[in-house]
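Notes for the one structure printed next.
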Amino acid sequence: MITRRSLLAATAGALAFHGSARAEPGPVVKPLPPEYFTVHGTNAETRWEALSGVGDLVPIDRFFVRNHTRTPLIDAQTWRLELHGTGLRRPLSLNYRELRALPSCTVDAVIQCAGNGRSLYASQQGQAVSGTPWKLGAVGLARWRGVKLSTLLRLAGVRRDAVDVLPVGLDPEYVTGGVNLGRVRRPLPVAKALDDVLVAYEMNGERLPPDHGFPARLVVPGWIGIASIKWLGSIEVATTPLSSPWNTQYYRMIGPDYPADGTLVTTQVTKSAFELAWGAALPVGRHVLTGRSWSPDGRVRRVDVSVDGVTWRRARPTSSGRGWLRWQVPWHAETPGQHVLRARATDGAGQAQPDVAPYNTQGYLFGAVARHPVTVA
Ligand SMILES: Nc1nc2c(c(=O)[nH]1)N[C@H]1C(S)=C(S)[C@@H](COP(=O)(O)O)O[C@H]1N2
Ligand SMILES: [Mo]
């Protein structure tokens with residue numbers, strides 16, 4: 001156990017950002033075999049068929065990657081995490097060993113991109129939106145181990161009047177349209193930071209892999225993926241609201257149904273997916289359709305499946321439902337040709353997935369029932 005005194009000793013000197021990063025050839029370090037991933041630029045989407053027969057947790061070798069630029073290779077020997085700002089009584093600086101020596105906890109949490117399902121705005125609703133054209137594979141459940149952010153904030157003497165925390169990544173600065181937006185960073189209200197946010201250094205029982213934020217990342221359960229900043233270098237805590245392009249320009253619902261500057265996106269919406277290739281070819285005969293449903297409150301009350309868009313059958317749960325619910329439903333595919341499969345989840349509050357997702361220019365929060373095409377032959 002590390003003592004407060006040794007932590008304070010470690011903060012001596014001016015605040016500096018010590019993480020050193022070395023650029024590497026590809027934007028993603030781990031292998032991206034085509035049977036597991038669809039690559040979109042610097043990002044890799046998990047193929048849902050690669051989760052068929054897989055347990056609750058998504059193995060690291062098939063967990064989606066969303067990189068604004070590229071995965072940095074950070075040296076844990078020189079890395080430090082710096083907490084600073086007007087919202088703290090004292091700054092706090094930890095090295096990797098000190099972070100790992102603090103009391104830890106383990107949570108199973110889904111990480112999901114705000115834009116997961118984005119391409120369905122076009123294919124299902126005929127609406128053009130900007131951003132990575134994900135199908136439904138920008139999501140994964142993993143077991144995260146680390147230190148509660150509240151533990152670090154308390155060690156740094158978080159003030160009662162602190163309002164926002166701003167975690168900053170050590171990946172390269174993000175340049176888009178000729179404008180440098182700086183390090184990837186997004187403010188989070190102190191209330192959420194003190195609730196269930198983790199500074200994670202392990203994923204599925206392994207040291208956090210480079211692509212998923214080594215040496216440490218935030219895990220913000222229930223919130224859109226951008227909240228879970230990877231390659232953490234610093235966390236500013238302030239008594240005044242903080243902002244970055246990732247909460248003023250991106251991750252806002254913008255469009256005719258929203259105020260001029262849009263509304264902030266924080267939590268996710270309920271979704272479902274079949275563990276099948278998009279456009280899968282299935283032989284005529286008996287099948288067991290499997291899939292998963294997940295909601296931001298972590299509870300899925302029921303899932304109904306339709307193979308004709310008219311009649312619905314309740315799917316049978318095949319997991320505990322922690323993180324997401326796995327389910328299955330039998331299907332006797334008798335008619336050759338194109339079919340559309342639908343799965344509709346109902347969350348813990350009794351809210352079922354809608355038929356239409358609210359249009360927004362950047363295609364966030366596609367929570368409508370997905371129409372999954374398959375061919376029976
Ligand atoms: N530093 C940093 N953190 C980041 C990102 C990034 O590009 N840089 N991408 C964010 C986004 S948009 C998502 S959806 C998640 C994806 O996490 P994963 O790559 O581990 O699946 O990381 C978030 N954290
Ligand atoms: Mo994301």
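We find that D171 and R183 are not joined by a salt bridge, their nearest charged nitrogen and carboxylate oxygen being 4.0 Å or further apart. Between E202 and R100 there is a salt bridge, with a side-chain nitrogen of the basic residue lying less than 4.0 Å from a carboxylate oxygen of the acidic one. Salt bridge present: R292 and E275 bring a charged side-chain N and a carboxylate O closer than 4.0 Å.
Ring pair Y96/F214: centre-to-centre distance below 6.0 Å.
Within the 4.5 Å cutoff, no side-chain heavy atoms of S293 are placed close to those of T270. Two residues are said to be in side-chain contact when any heavy atoms from C-beta on lie closer than 4.5 Å; E82 and P91 fail this criterion. You'll find the side chain of I111 stays beyond 4.5 Å of the side chain of K230, heavy atoms only. When side chains are defined from C-beta on, E236 does not count as touching R185, because their heavy atoms never get closer than 4.5 Å. In this structure, the side chains of V168 and I235 stay at 4.5 Å or more apart for every pair of heavy atoms. Two residues are said to be in side-chain contact when any heavy atoms from C-beta on lie closer than 4.5 Å; P31 and D61 fail this criterion. By the 4.5 Å heavy-atom criterion applied to side chains, E206 and N204 are not counted as neighbours. Residues V265 and L365 form a side-chain contact, since some pair of their non-hydrogen atoms from C-beta on lies under 4.5 Å apart.
Counting non-hydrogen atoms of neighbouring residues, nucleotides and ligands closer than 6.0 angstrom, the CD atom of Q328 exceeds 12 such neighbours. Surrounding CZ of R160 are at most 12 heavy atoms belonging to other residues, nucleotides or ligands under 6.0 Å away.
The minimum heavy-atom distance between V139 and F64, with the atom names listed, is N-CD2, 3.4 Å.
Between the CG atom in D211 and the CH2 atom in W231 there is a gap of 7.0 Å [rounded to 0.5 Å]. Here the straight-line distance linking atom OG1 of T263 with atom OH of Y258 works out to 6.0 Å at 0.5 Å rounding. With values rounded to the nearest 0.5 angstrom, S243 atom OG is found 11.0 Å from R186 atom CZ. To the nearest 0.5 angstrom, L102 atom CG is 6.5 Å from L152 atom CG. For the atom pair CG of N43 and CH2 of W134, the computed distance is 4.0 Å after rounding to the nearest 0.5 Å. Here CD of Q353 is found 12.5 Å from CZ of R342. Values are rounded to the nearest 0.5 Å.
Judged by the 6.0 Å distance and 45° axis criteria, R47 is not positioned over the aromatic ring of Y36. W327 does not carry R316 over the face of its six-membered ring by the limits of under 6.0 Å from the centre and within 45° of the normal. Judged by the 6.0 Å distance and 45° axis criteria, R145 is not positioned over the aromatic ring of Y201.
Under the 30°/60° scheme for interplanar angles, the aromatic rings of W278 and H372 are found to be tilted. W294 and W48 have parallel rings, their planes meeting at less than 30° on a 0 to 90° scale where 60° marks the start of perpendicular.
Side chain to side chain, Q362 and S130 fail the donor-acceptor criterion of an N or O pair below 3.5 Å.
Not a single donor-acceptor pair under 3.5 Å links the side chain of D347 to the backbone N or O of S295. Using a distance-only test at 3.5 Å, with no hydrogens or angles considered, a donor-acceptor pair links the side chain of T248 to the main chain of S244. Judged by distance alone, the side chain of N247 and the main-chain N or O of Y250 form no donor-acceptor pair under 3.5 Å. Using a distance-only test at 3.5 Å, with no hydrogens or angles considered, no donor-acceptor pair links the side chain of D308 to the main chain of S306.
Tested against R326 for a side-chain hydrogen bond (donor to acceptor under 3.5 Å, both in side chains), the candidates T318, D56, T290 yield a single pass: D56.
Hydrophobic clustering of Ile, Leu, Val, Met, Phe, Trp and Tyr side chains at less than 4.5 Å, counting indirect connections, unites L282 with V284.
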*Before giving the answer on ring-ring contact (aromatic ring centres under 6.0 Å, His included), spell out for W246 and H68 the whole-Å C-alpha distance, their side-chain angles and the decisive distance to 0.1 Å.*
CA-CA 11 Å; W246 287 268; H68 279 74; 5.8 Å; yes

*salt bridge (Lys or Arg N to Asp or Glu O under 4.0 Å) evaluation trace for K148 with D196*: CA-CA 7 Å; K148 289 192 79 172; D196 58 354; over 6 Å; no

